[in-house]
Structures are given as structure tokens and as C-alpha cells.
Q: 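Take this structure, written in C-alpha cells, and hold onto it; I'll ask about it next.
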Amino acid sequence: MKHFTATAARISCILGMALAAGCQPEPWSQHDPEAYIERVLEQEQVPGAAVAIWHKGEPVLLRGFGVTNVDSPKSVDGQTLFKLASTTKAFTTAALGLLVEEGKLEWEGRVVDYLPQFRFGDPWISNEFRVVDLLTHRSGLGPGAGDLMLWPQPNAYTRADVMNGLAHLPVTRGFRADYAYDNLLYIVAGELIAEISGMSYEAFVQQRLLAPMDLENCYAGPVPADARGNLADPHRLEDIGMVVDTPNLAGYDPIVLAAAGGMHCSAGDMLTWLRVLLNGGELESGERLFTEQTRDRLWRPETLMPFSNQRAERDGGHFYAYALGWRVQDMHGKKVIHHTGSLSGMYAWAAIVPEEELALVVLMNRSAGAARQALIYGLLKPYLGAPERDWLAYFQDLYGAPAEAVEPEELVAPVGYSAVANEELPGLYRDPWFGDIGITQENGKLRWRALKSPRLTGTLTAASDGVWALHWDDRSLNADAWVVADRSEAGVLLLSMQAKSRGTDFSYDFHDLRFEKVAEAVRVETVSSH
């Protein structure tokens, strides 16, 4: 059933009027889930959202809230397209599962046997790396390693750049020992799907996963022109108020991060996807998309994740782990399978509680952490028999007030390695995975430009000997950096970088960059972006 509305009796139950309706009350701590959702979105200034819930074989809720775009308001509904961000990863692992079922791939197969060009900086890791290692965030790379090839969008990096760049990223953690979230290896997984199937990643997922489920409002690749009339746009909060994050609107060309977080889907179609998983891979027609054994393999814990006392108390649980494109934990005695998705201006969440035959979807068109967490806990917890709590107030207290666009806490400037004057800095610099940046002197200011990532353009201001503050022209990035100069033994100028504030997202992995000066002059141009 692709489109549904609750019956009058069901609605009465949802709203807590169980006695009048002659039914058992739904487990809502707020008694009126829609009013709770509206309260969260209003207080956290989220322009629009779509929420879907399925419980014990029946629809509970499929509804849109707010608008798709604050500049051109249109109501969100259950079929509005949102960016899925990292909830895409579950589709990628399911696609791999289809190839495993066909005998074309093994979970424990070596990646180099399928993709001979796959290389890590450590030859032993390159040779030992298995397919399952692509999916479980235990590669030895640091959190968000190489993500500067993915965003800010738009940029000119390709999937070939990602494959080539892996060999130059530092291995800073134990291989198969430490959890550190990454996106690049899911892009490799997408290339693996393409190599084995002979189809692009986008075509394989669309034809082999989405089409059999009859998902008409879900796209593995670019959103077609005729489907853009009901597309939610990303937003951000600035001093002037809520604005549309236009650089991140859906494009017409395939994007590098498709397999890691590039899909668009509606809440209604996401709910259909979760119901297929609940049914062990069986479609409503009775045919199988994949086996129950494959479904269970996707949900099998692989990598232990950090589990603080605060989370243990809040979740009433004992473990937290990453499976294959899913996070798995126990909450109040029940297993919860879930994943979040985060992109600039777009947040998502999908969850399944098999024991309760429960599926939930939350899609939002603003990056608002307290709002997403409040919806997750406020909608999920009542089904788990958890004590009632005002989760919006809890997460607002934990994350801070939502209404103001605040400057993040600035870190202390690093100590310079070499005394380098402003006049020495201009030139062309190269990092082996990020590529070229140019520094020029313009109207008395030092200007920095990343040649393949045009939004990473800014001004350098001297902070101390050999240290500069780099302030991006695009203030929505919230990712200013320190630039530190050094010299090689041969006297060549070297540059490294650090985040300038504590709140910088880990995907701005400046600390992995090592630039070497390769020319004294640079053409003030950037590579055209797609």
C-alpha cells in the first residue's frame, strides 16, 4: 500500500480518545503526536518535515508539516522529496546483498580482487581489506577522512579522485579496531556495485531495489525535472533569518557521494522500504526482493560504537554498534535498528523495531540537531515502554537555544613552525588527495582559492609568525581554519591546516591536508564544477 490515511477510529486512538473509539490507546507520551511534531518544528525553526509511522501491520501516520521552501512556500506532504543523506547507506548495503545472493560477490571477499585499483597508504591494509570493511567504519582512517572531496557542494571532484585519494589519506587508527565514521569507503562500495553489475550505481539501485518496491518518489540519482515540483529545499539559519541553502539544491547530474548519501526520497516511499525490511525482504506481492538471511546480515553488529554513560541512561541500553549501513542498539530491552542522515540543510532518520513491528521515518529541510533528536525520542520512546519525558526540553537543554545563529567557540591559535612573511605566501600549492590551492595578493589582502572546490575561497589574515586565520567568503560553512607554514629540508614552503573552532564538523578534515608549494604564481581560476 503506497498511499494511505488512518481510519477515523485509528485517528481517535492516535489522539488518545481510546474509550470513545472503543480501542486501545496508541503509546504516545504526548497523546497527540502531530501536535508534538508541530511544537518541535516551531520551536526549533524547521521550515518543513515529513513523518511516517507504521505499527503492527497498520499505518499510524504519514503527513507533511510546514513548507518545502520559505521563499516559495508549498506545503510538505507525505510524497515530498527530501535528501536522505546517510540513510542512503542502507540502500547501498542492500544492493551489495543482491550481488552476494547472485554469487557475484562475497562479503569477506578482498576488495582488490574486484577493484584492482583500490589502494590504501598501507600496502598490507590494501591487500587485506574486505568488502565488509568498506561498510563498517573501522578502516583505520580518521573520522570524515577525505570528506573535503565531497563537500561543500558543488565541487569538481570525481569518484576517480576518491579512489586515487585513498592512498594518500593518513591511517591514524587501528585497522578493524577503532570506530571512525567515514563516507569515502561507501563511495568505493558504489564503484564496486558498478564494476560487478556493469551498471552505474544509480541505475542498479533504481532498477534492482527501488523499481521492484514500486517506489515512484525515490531516486538513487538526479531527480528528474518532472518530479521537482514537490522537492524540499535545504535551509540554514542566518542573522537575517531562515534562508534557502541554494548551493545544495538537487542537481541534474550524478554526484560523487551518491552511494554514501546522495538519494532523494519521500517519507511515504521510505516507509515502504522499511516495511520490506520488516518483512524480511518480502514485497507486498509475496515476491522476494532479497532473502531474510540477507536482511539479517545487514543488521548484524560489526563494530562497537562509543557508548557513554549518558547514552546508556537515556536509552535504557547496554550496547551500541554499527552493522552494514545501519546502527544497532538495545533500548529498554528491545532491539532498535536505525540510522541518521545529515547534509547541509537536510536531516533524516529511519528506524525499525522488529519486536514491535514498528517503522518510523523523519525527514527535515533544516540542519537542526535538537529538533531531530526530540522527534526521534518523542516518537520512538513510547513504543518501547519508556518513562514519559519532555524530549524537546531535554535536547534543547543539551544542545542550546535554537533561535540564534551563534558563533562557535574559537580554538587557540596554533604555534607556528617557521617565520614566514606574508610576501612569501602567494603561489600554487598541492596536496596529494585534495589537489591544488592558489594563494594570491589582491588589493592588499591574501586570498585563498581551492581550485576544485570553489566555495572554499577566503581571506588569510596573519595571526602570528607562520600562522594565518583563514576566513571563508561563504559564511554558511561555519568552518574557518588556521593555516600553519613550515619548510622542508630543501626549504620548500609547506602548509598544514587546523579547524579554527570547536564546533567545526568533522567532515572538514583540514588536519589531513599537507600542502607543498609547487609554483610561485597561480592563475586565479577554479576548475568548473558539475
Side-chain angles (χ1 to χ4, degrees), residues 54 56-57 86-111 113-114 129-138 176 185-186 188-190 192-199 201 204-215 218 220 259 263 269-305 319-331 334-339 350-361:
W54 181 272
K56 293 190 180 298
S86 284
T87 55
T88 298
K89 289 180 169 68
F91 290 92
T92 299
T93 57
L96 289 167
L98 295 180
L99 295 173
V100 171
E101 288 187 1
E102 294 170 1
K104 298 177 180 177
L105 180 71
E106 294 181 2
W107 292 117
E108 297 298 331
R110 297 192 315 156
V111 176
D113 290 338
Y114 306 109
F129 217 90
R130 310 292 165 149
V131 172
V132 71
D133 295 322
L134 295 172
L135 314 171
T136 47
H137 307 297
R138 60 186 189 186
R176 296 199 187 120
L185 293 171
Y186 268 82
V188 176
L192 182 59
I193 291 168
E195 177 69 23
I196 292 175
S197 69
M199 305 164 63
Y201 167 82
F204 186 88
V205 172
Q206 198 76 37
Q207 295 178 31
R208 296 293 307 278
L209 282 177
L210 308 186
M213 289 187 284
D214 195 24
L215 302 189
C218 202
M263 290 180 60
D269 278 9
M270 279 293 285
L271 195 61
T272 299
W273 159 237
L274 298 186
R275 288 173 54 203
V276 170
L277 288 162
L278 266 176
N279 291 333
E282 184 177 324
L283 301 172
E284 197 169 67
S285 65
E287 298 180 3
R288 283 210 160 269
L289 183 62
F290 43 76
T291 66
E292 188 170 352
Q293 288 75 19
T294 293
R295 189 278 311 272
D296 291 345
R297 182 66 185 88
L298 302 180
W299 288 354
R300 193 174 85 189
E302 288 282 346
T303 307
L304 289 177
M305 297 175 62
F319 83 97
Y320 190 32
Y322 204 89
L324 304 186
W326 292 97
R327 297 180 178 114
V328 183
Q329 66 180 114
D330 66 322
M331 295 179 71
K334 296 175 182 177
K335 183 165 69 173
V336 180
I337 320 291
H338 63 100
H339 209 291
I352 297 171
V353 184
E355 186 179 342
E356 281 293 321
E357 300 174 48
L358 174 68
L360 306 97
V361 178

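For clarity, every value in this text was computed on a predicted model and none was experimentally measured.
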Q: Can you name the closest pair of heavy atoms from Val205 and Ala95 and give their distance?
A: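 The pair with the smallest heavy-atom distance is CG2-CB, 4.2 Å.
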Q: Any donor-acceptor pair under 3.5 Å linking the side chain of Glu101 with the backbone of Thr294?
A: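 Not confirmed, Glu101 side chain does not pair with Thr294 backbone.
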Q: Can you name the one residue among Leu135, Leu134, Leu96, Val131 that meets side-chain contact (heavy atoms from CB on, under 4.5 Å) with Leu324?
A: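 Filter result, single survivor: Leu135.
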Q: Specify the closest pair of heavy atoms between Leu298 and Ala323, including all atoms of both residues, with the distance to one decimal.
A: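 Residues Leu298 and Ala323, closest heavy atoms: O-CB, 3.2 Å.
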Q: Any chance you could measure Asp269, atom CG, to Met213, atom CE, to the nearest 0.5 Å?
A: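 Taking CG in Asp269 and CE in Met213, the distance rounds to 8.5 Å.
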Q: About how many Å separate CG of Leu289 and CZ of Arg295, when rounded to the nearest 0.5 Å?
A: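 Taking CZ in Arg295 and CG in Leu289, the distance rounds to 12.5 Å.
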Q: If we ignore angles and hydrogens, is there a donor and acceptor under 3.5 Å between the side chains of Glu302 and His137?
A: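 No, no side-chain donor-acceptor pair sits under 3.5 Å.
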Q: Less than 4.5 Å apart, side chain to side chain, heavy atoms only: is that true for Trp326 and Leu277?
A: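 The answer is yes; the side chains approach within 4.5 Å.
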Q: State the CG-NZ distance between Leu192 and Lys104, to the nearest 0.5 angstrom.
A: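 Those atoms lie 12.5 Å apart.
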Q: Contact between Cys218 and Trp273 at the side-chain level, heavy atoms closer than 4.5 Å - yes or no?
A: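 Cys218 vs Trp273: side chains apart.
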Q: In the structure I gave you, are the side-chain heavy atoms of Val361 and Thr87 within less than 4.5 Å of one another anywhere?
A: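 Val361 does not reach Thr87 side chain to side chain.
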Q: Val132 and side-chain contact (heavy atoms from CB on, under 4.5 Å): which single residue from Arg176, Arg300, Glu106, Arg138 fits?
A: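 With Val132 as partner, Arg176, Arg300, Glu106, Arg138 yield a single side-chain contact (heavy atoms from CB on, under 4.5 Å), made by Arg138.
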Q: Can you find a heavy atom in the side chain of Glu195 that is under 4.5 Å from one in the side chain of Tyr114?
A: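 Result no, sub-4.5 Å side-chain heavy-atom pair not found.
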Q: Evaluate the side chain to side chain contact (heavy atoms under 4.5 Å, CB included) criterion for residues Glu292 and Glu282: first the C-alpha distance (whole Å), next the side-chain angles of each, then the deciding distance (0.1 Å), finally the verdict.
A: CA-CA 8 Å; Glu292 188 170 352; Glu282 184 177 324; over 6 Å; no
Q: Tell me the closest heavy-atom pair linking Gln329 and Phe319, and the distance in Å.
A: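 For Gln329 versus Phe319, the nearest heavy atoms are CB-O, 3.2 Å.
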Q: May I ask you to check whether over 12 heavy atoms, not counting those of Glu102, lie within 6.0 Å of atom CD?
A: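 Correct, the count exceeds 12.
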Q: Just how far is it from atom CG of Leu98 to atom OG1 of Thr291, taken to the nearest 0.5 Å?
A: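 With rounding to 0.5 Å, CG (Leu98) is 9.5 Å from OG1 (Thr291).
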Q: Heavy atoms only: give me the nearest Ala359-Leu274 pair and the separation to one decimal.
A: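 Smallest heavy-atom distance, with atoms named: CB-CB, 3.8 Å.
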Q: I'd like to know whether NZ of Lys335 has more than 12 heavy-atom contacts from other residues, nucleotides or ligands below 6.0 angstrom.
A: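 Check fails, neighbour count at 12 or below.
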Q: Can you give me the closest heavy-atom contact between Pro212 and Leu283, atom names plus distance?
A: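 So the two residues come closest at O-CD1, 3.6 Å.
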Q: Can you tell me how far apart CZ (Phe290) and CZ (Arg288) are? Round to the nearest 0.5 Å.
A: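 Rounded to the nearest 0.5 Å, the CZ-CZ separation comes out at 9.0 Å.
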Q: Indicate whether any N or O donor in one side chain lies under 3.5 Å from an N or O acceptor in the other, for Tyr322 and His339.
A: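 Side chains of Tyr322 and His339: pair found under 3.5 Å.
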Q: To the nearest 0.5 Å, how far apart are CZ in Arg327 and CD1 in Ile337?
A: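 It comes to 12.5 Å.
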Q: Check the side chains of Tyr201 and Thr92 for a donor-acceptor pair under 3.5 angstrom, ignoring hydrogens and angles.
A: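 Yes, because at least one side-chain N or O of Thr92 sits under 3.5 Å from a partner of the opposite role on Tyr201.
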Q: Which atom names give the shortest non-hydrogen contact between Ala259 and Gly190, and what distance separates them?
A: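 So the minimum-distance heavy-atom pair works out to CB-CA, 3.8 Å.
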Q: May I have the step-by-step check of side chain to side chain contact (heavy atoms under 4.5 Å, CB included) for Leu215 and Leu209, ending in yes or no?
A: CA-CA 9 Å; Leu215 302 189; Leu209 282 177; over 6 Å; no
Q: Tell me, do Thr93 and Tyr186 make a side-chain contact under 4.5 Å, heavy atoms counted?
A: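 Side-chain contact under 4.5 Å: yes.
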Q: Do Arg275 and Glu284 touch side chain to side chain, with heavy atoms closer than 4.5 Å?
A: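 Counting from C-beta outward, Arg275 and Glu284 do come under 4.5 Å.
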